[in-house]
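Structure first, commentary second.
Atoms within each ligand, like the ligands themselves, are counted from 1 in listed order. Since this is a predicted model, take the numbers as computed values, not measurements.
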Amino acid sequence: MESKMKIIGGVPLRGSIEAQGAKNATLPVMAAAILLKDQKLSISRVPDLLDVNTMADLLRSLGASVTFSGHEMEISVPGEISWETPSDLVRKMRASSLVLGPLLARCGRAVMPLPGGCSIGSRPIDLHLKGLTRMGATIELVHGAVHATTKGLVGSRIYLDFPSVGATENLMMAAVFARGETVLENTAREPEIFNLVEALRSMGASIEADGTGVIRISGVDTLHSASSRIIPDRIEICTYLLAGVATGGEVTVTDIIPNHIDSLLAKLEEAGATLKVEDSRVTVYPGERIKSVSLKTLPYPGFPTDLQPQIMTALCLAEGTSVIQESVFQSRFLHVSELNKMGAKIDIQSNSAVITGVERFTGADVVATDLRAGAALVIAGLAAGDTTMVYHLGHICRGYEAMEEKLLRLGARVQVISTEKEDGKGGPSFPGPSC
Ligand code: UD1
C-alpha cells in the first residue's frame, strides 16, 4: 500500500526506544535455512519489515513453510525443494540473490533472474558468480537469468576484489557442503556477517571467522535444526540518534551493541554532539549547534554507506562546510535534490557532496527514492520549522519497523497517510525501481 508521511517539524525529540533486529542480518540468516533438509530454523528478534516478508515469500515459493509472529520466525524446510526462484520476488528485492549460494550447495543447481540495477547504483553480482565458478559451478546467463549447476562444489581459495557483503554471505553459505576447505579472503567484516556465521555454526557448519577478513569453511555432509538470534540494527539505531541530533532533542536507544556504531559515535563526538554510551544503550543530549565534519563511506569498520544520507541531513544544520565522499555506491545522492528543496545547500562534485551548513530546513513535498534516502528526508522533516510531506514511504517500510509509532513515542508530530485511494494525489513521481 503506497503511503506518505506528514511531519509537522520543529519538535525536539525526547524519549527512549528499543532497537529492532537488523534487517541486513535477518535476510541472510533466513536464506541459510535453505541448507536444511527436513529440519527447522528458529530465529528470534526478527524485525517485521517489507524485505523480511519478501524473503519469507521467496522461501515459501521454494517449498519451505515460514511462520512469523511477535518477532519470532520458524522456517521448516522439507527434504525436496525447488531450485528456481520466481522473478517477481527477486526483482522486488536485491537481497533475494542471497538464496543463490545455499540453493546451489543444497540442490546442485539454481535458477535466479539477475537482480539488475537499482536507484543507488548498478550493483552487479559478478563477485558472487566468480566465487561460485571457482568452487566448481557452471554459470550461464540465459534470457537475463543465472543458471548455475554443479556436480558438487569443491573447497577453494577465493580472494574478493572488494569486501562485498552479499558475496561474502553467498559464498560462505555455498561453501558449507563443499568438499574440503574453502578460504575466503578480503571478506566483508560487517557485524551482520558474524550473525550469519553464528547461525550457520549453530546449524552444524564448520566455520572459522576471526574478524580479520579471512573466513575458513570446512565442508560438512549435513546440517541440523537450530535457533539463531538477530543482532540489533545499527543503521536503525543511528538513524534515531541522528534525528535526535538534528532536532536538538534527547534520544535514548536501548538494546544496542555500542561497538557496532563506533564510526557514527566518533563522528558525532568530532562534531561536538553530547553523547552517553552505556553497556547496551546510547543517548544523545541537546547541546550547542554541531560543527561541520568530513567523512568517507567505507566497508565496515568504516563509516557505513547506509548512514550517509541520514548524517548528511544532520550536517546540513551544522556550522561550517562538511564534505561527504561516497565510495561504496556509484549514485547514492538521490536525496540531495530533495534536501535542497527543503533549504539545504549541498553541491555534488563527482562522488562527493559539499554541504554548507544552514540554520534550518523549510518544510516541502519530497520523495523518498530509496530506503535510506527516505529516512534522511524524515529526519529533515522532523527538524524543519513547518510541514513536510514525504512521499513513497513504502521504501522506508523496507527497513524501519513501526517508524511512525517510534517517532510518536519520541514526541514527534507525524502521521502516515495512505495515498492509494487519493486519486491524483499520489505525490510527485520519481523514476527508478526500488532496491
Ligand atoms: C549490503 C547491504 C546494503 C549495504 C551494502 C554495503 C544487505 C541486504 N544489504 O548490500 O544495505 O548498503 O551491503 O554496505 O545486507 N559489488 C560489485 N560486484 C559484486 C558485489 C558488489 O561490484 O558482485 C559492488 C556493489 O555494486 C557496490 C559495492 O560492491 O558498489 C558494495 O556492495 P555489497 O557490499 O555487495 O552490498 P550488498 O551486499 O548488495
Can you find a pair of side-chain heavy atoms, one from F303 and one from I324, that are under 4.5 Å apart?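 SC-SC contact between F303 and I324 ruled out.
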Using a 3.5 Å cut-off on N or O atoms only, is N24 in polar contact with ligand 1?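 Yes: some nitrogen or oxygen of N24 is under 3.5 Å from one in ligand 1.
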Distance-only N or O hit between ligand 1 and E169, under 3.5 Å: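 So ligand 1 has no N or O lying under 3.5 Å from an N or O of E169.
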Which option, A188, P124, A22, owns the non-hydrogen atom nearest atom 21 (C) of ligand 1?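 Comparing heavy atoms across A188, P124, A22, the nearest one to atom 21 (C) of ligand 1 lies in P124.
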Counting only heavy atoms, tell me which of L160, V165, L127, L27 gets closest to atom 1 (C) of ligand 1.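 Of the listed residues, V165 has the closest heavy atom.
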Flag the pair [X] and [Y] as a salt bridge only when some basic side-chain nitrogen lies within less than 4.0 angstrom of an acidic carboxylate oxygen.
X: R216; Y: D210; result: no
X: E401; Y: K23; result: no
X: K130; Y: D161; result: yes

Heavy-atom pair with the smallest gap, counting every atom of L241 and I261: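 L241 and I261 have their closest heavy atoms at CD1-CD1, 4.2 Å.
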Where on F162 is there a heavy atom closer than 4.0 Å to ligand 1, on the side chain, on the backbone, on both, or on neither?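 The side chain, only.
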Quick one: does ligand 1 sit under 4.0 Å from the side chain of D306, the backbone, both or neither, non-hydrogen atoms only?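 D306 to ligand 1: side-chain contact only, backbone stays beyond 4.0 Å.
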Is the side chain of R109 donor-acceptor paired with the backbone N or O of W83 at a distance under 3.5 Å, no angle test?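 Absent.
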How long is the span from the CZ atom in R201 to the OG atom in S228, to the nearest 0.5 Å?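 Rounded to the nearest 0.5 Å, the CZ-OG separation comes to 12.0 Å.
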Using a 4.0 Å cut-off to any heavy atom of [X], which atoms of ligand 1 qualify?
X: G166; value: 35 (O), 38 (O)
X: T305; value: 6 (C), 12 (O), 14 (O)
X: I125; value: 19 (C), 23 (O)
X: R332; value: 12 (O)
X: V328; value: 27 (C), 28 (C), 30 (O), 31 (C)

Does R94 come within less than 4.0 angstrom of ligand 1, counting non-hydrogen atoms of the residue?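 The answer is no: ligand 1 sits nowhere under 4.0 Å from a heavy atom of R94.
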Given the rule in the side-chain hydrogen bond (donor to acceptor under 3.5 Å, both in side chains) test, do T297 and E326 qualify, once you have shown the distances and angles that lead to the verdict? CA-CA 5 Å; T297 63; E326 174 57 61; 3.0 Å; yes
